[in-house]
Novice: 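My questions all concern the structure below.
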Amino acid sequence: MTTLSRSIALLCSLVALALSLAGSPARAEEVAASAVPVASNAIAPVTDAWRAALPQDPEAATQAYLARLSPQARARSDAYFEGGYRLSLWNVLLTLAISWVLLQTRPAQAARRWCERLGKRRFVQVLAYGAFFVLASWLLSLPLTIYQGFVREHAYGMATQTFAAWFGEQLMSLGVALLIGPLFVLALYTVIRRFPRHWWLGATVVAMGFMVALLMLAPVYIEPLFNTYKPLADTPVKQSILAMAHANGVPASNVYEFDASRQTTRVSANVSGLWGTASVRLNDNLLHKSSDPEILAVVGHEIGHFAMNHIAVSLVEFGLVIAAALAFVAWASTALSSRYGERWQLASVQDVGSLPLLAAVFSVVMLFATPVTNTITRTMEVEADLYGLNLAREPDGEAEALLKLVEYRKAEPGPLEEMVFFDHPSAHTRIYNAMRWKAQMQPKP
Ligand SMILES: [Zn+2]
């Protein structure tokens, strides 16, 4: 069900550069071996007879499904998800604080000068400062990363790793960021120097180029660092899954399962990659904790993403958002650097030392753009849900699977709250869509 979001998180983190090295939030989900999967225990079990007796009216049927969640599970889910709203604000505030430290403090300015003395070639200096920026941001954001990615996930019973295993993965993410980040910074500042007046256009092209490369390479070179991807194991549903995939133009060799249970108890699946590397990936929690109709409903949804080319579509849509954001960054950073440049020992935006300034402005703009970016992904999720219903024809399997996702996503937000904060629709919206489909396509006799 979840899906593009990891790729998009990866993309945004690359462009937002820095800061995010701490890695995609998805990466940080961890699971304690001893953790009790609270939410799945908290869903009242039912029989086929219960499903057959559900009211025809979509809203009434949706409420019957949601009523199976215990009040404790609902409260816990609300607290977890709403805590995320505050965390996204804290993350931006932290980015601003880190940028201030890197621009204004003496040790950071000394480090910048040290990078500038490193080698005669400018590109060496830019690469060195890029690496310094990645490393310093990672270190300074480490306390929040630990809280967000380890402590909090354990507190909610969704993490399965020990601290050592989790931290090992953080170090691997840092290694990847140190490899890619400085190259991105070099490309960015090459464009800024070459086109000082309209560099935001060139920077958008650079960002898109990196995103495409990352989308293509991540499934092959990055994600296998963290999880093992292998062909689907032999199970009764395997043939149905592969038949649905084949029928929709997804080669069987592009359907994988992976050991997400290494890190988390969450049930999910995704579509990742681009062109030759695109594939449907089902996490082992989904395969082990779900009934056949649930699995087929989820697979139908993922095949929908694949068939509708959602990764390519989101690239274009996010590209437009990023272009607008960078245009603002170009204007604001020029204004800020001419006002405070002396204090920051910054000659102009063309100086690679302006990197923390660009990152700070970009992170604020992207925070304000959250309702737009979330609406882009949420819209595609609704499309994939409808595609999946038409394909798998398992509205009740879909509704059951969605109840499980309430573990980490608030079930019934207000309309404005859903628009602003939800990158996937809420369980209420999605179950309602499934029940509406069922009422029209599988009416009771
Ligand atoms: Zn999806």
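As the structure lists them, so they are numbered: ligands from 1, and atoms in each ligand from 1. Predicted model, so just to flag it, every value in this text is computed and none were measured. Worth knowing before you read on, the calculation uses all heavy atoms, side chains too, and leaves out hydrogens, waters and symmetry mates.
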Novice: Let me check your reading of the structure: within less than 2.8 Å of the Zn ion (ligand 1), is there an N/O/S atom from His305?
Specialist: yes
Novice: Salt bridge or not between Lys410 and Glu82? Use side-chain N to carboxylate O under 4.0 Å.
Specialist: yes
Novice: Just by modelled atom types, is the Leu355 backbone N or O under 3.5 Å from a matching donor or acceptor in the Tyr189 side chain?
Specialist: yes
Novice: I'd like to know if the Zn ion (ligand 1) has an N/O/S atom from His301 within less than 2.8 Å of it, counting both backbone and side-chain atoms.
Specialist: yes
Novice: Side-chain donor-acceptor pair under 3.5 Å between Asp385 and Asn433, yes or no?
Specialist: no
Novice: Give the name of the N/O/S atom in Glu381 that lies closest to the Zn ion (ligand 1).
Specialist: OE1
Novice: Do you see an N/O/S atom of Glu302, backbone or side chain, under 2.8 Å from the Zn ion (ligand 1)?
Specialist: no
Novice: Going by atom types only, do Tyr80 and Glu407 share a side-chain donor-acceptor pair under 3.5 Å?
Specialist: no
